[in-house]
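Structure, as structure tokens:
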Amino acid sequence: MIAEFGQITLILALLIAGAQSVLPMVGAARRDARLMAFADRAALAQFILVLSAFSALTLIFINSDFSVQLAAFNSHTDKPLLYKISGVWGNHEGSMLLWVLMLSVFGACVPVFGKTLPASLKARALAVQGMIGVGFLAFILFTSNPFLRLNPVPINGQGLNPLLQDPGLAFHPPFLYLGYVGFSMAFSFSVAALIEGRVDAVWARWLRPWVLIAWCFLTIGITMGSVWAYYELGWGGWWGWDPVENVAFLPWLVGTALLHSLMVLGKRHSMANWTILLGITAFSLSLIGTFVVRSGVLTSVHSFAVDPARGVFILVLLVIATGGALSLYAVRAHVLRGGPGFTLISKEGGLVLNNLLLIAATVTVFLGTFYPLIVETFSNDKISVGAPYFDATFAPIMVVLIGFMGVGPLMKWRQDSWANIRPLILKFGLLISVVGLLVYLYGRSVLGAISMGVAAYLAVSTCVVFGRKIGFGKPGMGQRFLAQPGAVYGFFIAHLGMAIAMAGITSMSVWAKEDVQLLKIGAHMSVGGYEFTLEKMTPGQEENYQFLKGDVRVTKNGKTVTVLHSARRFYPVRQMITSEAGIQVRPMRNLYVGIGDGDAEKGWVVRAYTHPMVCWIWLGALMMALAGFVSLWERKR
Amino acid sequence: MKISLKALLPLFIFLALGIAFAVGLTKDPSILPSQLINRPFPQFELPDLFDETQILDNRDLQGQVTLVNIFGSWCVACGQEHGMLMKLAREKEIVLFGVDWKDTREKGMRWLERGGNPYTRVAFDEDSKLVIDLGVTGAPESFIVDKKGQIRYKHVGPITEDIWEHDLKPLVLELEQAP
């Protein structure tokens with residue numbers, strides 16, 4: 001019964017979304033207040049219906065109702081409750097339902113929080129939101145229905161991919177989707193503003209919190225994915241330039257550009273065209289992200305649903321959404337008025353450069369991700385683009401970007417002079433050289449030295465900007481510190497987070513050490529100044545897997561630092577083996593051990609790593625996410 | 001209506017990308033490159049998984065319609081497919097010839113012990129000798145080979161009930177009618 005209930009609520013949601021995409025548009029064109037007001041109610045109704053459908057599916061998973069095909073294929077009675085629930089979105093159908101649920105949440109927020117919006121803008125934006133809803137609800141109902149029944153009913157389910165039985169991954173997709181789907185607001189409001197023919201500061205200030213929320217969740221989602229890959233996949237990497245990682249990173253890059261151009265639009269009334277295009281692009285890239293993961297068009301470890309029919313459906317949605325929005329832009333771009341002019345050496349100039357560099361970075365990652373696909377289109381070769389490409393192209397762009405990130409915020413709006421900033425640049429140059437030299441003497445790497453110097457410069461210049469804002473060292477500093485708007489704290493935390501992440505990324509790329517050896521019990525290997533000794537291997541049994549645990553003692557100069565435990569797990573339900581790394585986490589370096597195949601006679605494959613400052617990467621990323629939330633906080637005047 | 005070229009530019013870029021995408025998508029990697037279809041199965045000599053001394057070669061594919069299945073104990077999707085292969089073997093729908101790829105003997109044998117062995121023969125292809133000739137992109141992949149030892153079909157990914165009934169079975173029945 002629950003499955004049928006869920007099915008019916010989904011169909012009703014589709015019908016309402018259909019009405020929501022047409023009636024408010026008509027209402028806005030005819031200035032009919034009743035038709036426009038329908039949008040509010042439809043958005044709320046859609047949210048309640050989709051939430052019901054999602055709850056129904058969750059209940060099915062919790063009750064282990066294996067007469068529903070999805071639960072039978074993806075759940076198991078032996079699974080812990082947490083993973084029964086996360087199993088709801090640990091598969092294609094359920095994750096799409098989650099996607100639509102998030103969409104309806106954002107949609108429902110418009111009438112709740114948008115009471116001050118112009119009625120026609122709100123109606124049109126909700127209509128666009130309704131159209132996206134129609135597309136994805138139809139996608140679920142016609143190609144990936146989660147409520148299909150199974151006959152005969154199996155005695156037990158087929159479990160969940162054990163790789164996905166992990167708290168980090170259980171909550172990774174919801175955060176990622178909150179980010180992806182959050183950009184639908186930027187899209188809907190961009191399209192609505194194009195139809196209205198008005199893109200102004202009020203619009204920008206209203207849209208900003210939504211883009212911030214989406215961006216923060218996307219940041220958290222990407223960070224969680226990175227942490228998960230680090231400790232679960234067992235190869236000790238925090239970022240692999242895997243296509244599935246890249247497609248989450250692309251909307252993040254564009255979203256970052258969008259946030260900055262929204263700021264210019266909200267404060268200085270310029271960059272309207274940029275903002276609109278970035279809004280459309282951010283959501284289009286989110287759609288591409290969904291498409292890539294769901295179609296299996298680029299094969300990688302993450303694509304568990306390979307089905308061209310679904311891929312084509314999402315591609316068609318993408319073409320309609322992006323193609324439609326960009327056509328509208330082509331027709332309506334002339335109505336967007338440019339704001340006051342500015343010179344290149346000004347805060348706006350810096351932000352334009354920031355946008356251009358972020359776009360360049362996006363294009364770089366996009367090409368690296370999709371180039372293999374394009375090559376395959378025109379020839380029959382299958383190629384893959386690996387980390388070296390990204391290191392060689394993306395990294396330099398980021399260094400230049402960070403160069404501007406340090407100076408940009410120090411400049412004045414509209415017009416600044418070279419003479420004003422020159423002394424600062426000289427001081428910063430000196431700072432980079434000193435830090436770089438010290439790092440070089442310690443770490444013996446030119447690239448590492450440059451990169452660390454730039455990271456230090458970013459941190460210092462961010463502090464300088466913040467210090468100037470609060471009038472550091474002058475009387476009344478405490479009050480001024482407290483009186484700053486959320487956005488200033490946000491800027492401070494985010495840019496500092498970027499500096500910290502960059503320091504972490506640099507030391508991981510330059511000074512991480514690793515080695516693999518076949519070790520018998522009692523044998524040892526040395527990596528990065530540490531001795532790793534395999535002490536014993538013990539078998540055991542847990543709720544849903546068997547394991548073989550290895551103890552590795554790590555010593556430095558004869559003194560024991562720690563004993564790491566790494567395990568191989570065997571999941572009988574899926575016939576799968578996973579490896580759990582043993583990690584000692586420290587602020588300045590992690591010790592990391594993974595145990596692979598082997599036996600008592602030949603020895604076991606032991607991979608040992610030392611990872612300097614790897615935690616800084618995630619700390620920095622989480623600071624950026626936190627900064628986003630802090631920026632949301634508006635002081636009441 | 002004023003439409004400037006500058007305003008059209010984003011749309012053009014998007015369309016160009018869209019076309020590349022669409023063409024890429026229709027070039028499904030699961031479609032057999034035409035050069036292998038209706039060609040003889042590549043020449044191979046591989047040791048038996050269970051008995052190192054015994055060599056399997058093209059003669060093992062002659063005289064009956066065979067489903068050559070590439071698998072490995074490391075491959076997740078192969079586990080999903082395994083139940084279906086067991087069913088095919090149980091109901092004697094087709095002769096299954098397994099190729100254990102990039103594996104160790106122990107793990108391959110343990111895998112078949114645990115999940116059951118649907119294959120009449122299993123070749124052990126540790127160094128991807130046969131697999132490269134077949135142009136395999138990942139496991140599992142399956143080939144249908146006719147009585148004369150010619151490749152007639154390639155399927156990428158796990159074989160499901162649906163795929164068997166709709167794509168493979170009709171072809172197999174037809175091939176079995178042929179002399």
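In what follows, chains are A, B, ... by sequence order, proteins preceding strands, each numbered from 1. Being a predicted model, the structure only gives us computed values, none of them experimental.
Comparing A:Ala333, A:Ser327, A:Ser284 by heavy-atom pairs within less than 4.5 Å of chain B, the highest count is held by A:Ser327.
Within 6.0 Å of CZ on B:Phe12 lie no more than 12 heavy atoms contributed by other residues, nucleotides or ligands. For B:Glu165, the CD atom counts as densely surrounded, since its 6.0 Å shell holds more than 12 non-hydrogen atoms of other residues, nucleotides or ligands.
Annotation: side-chain hydrogen bond (donor to acceptor under 3.5 Å, both in side chains) contacts involving residues 88-99 of chain B, sequence neighbours excluded, are absent.
Taking every heavy atom of both residues into account, A:Phe366 and B:Leu17 meet most closely at CE2-CD2, 3.7 Å. Between A:Tyr329 and B:Ala7, the shortest heavy-atom distance links the atoms CD2-O, 3.5 Å. Considering every non-hydrogen atom in both A:Gly323 and B:Leu11, the closest pair reads O-CD1, 3.5 Å.
The side chain to side chain contact (heavy atoms under 4.5 Å, CB included) search around B:Val65 returns B:Ile94, B:Ile144, B:Lys147, B:Val172, B:Leu175, B:Glu176, not counting sequence neighbours.
Checking each of A:Ile276, A:Asn273, A:Leu277 against B:Pro10 for a side chain to side chain contact (heavy atoms under 4.5 Å, CB included) leaves exactly one that passes, namely A:Leu277.
Atom CG in A:Leu326 sits 7.0 Å away from atom CZ in B:Phe14 (nearest 0.5 Å).
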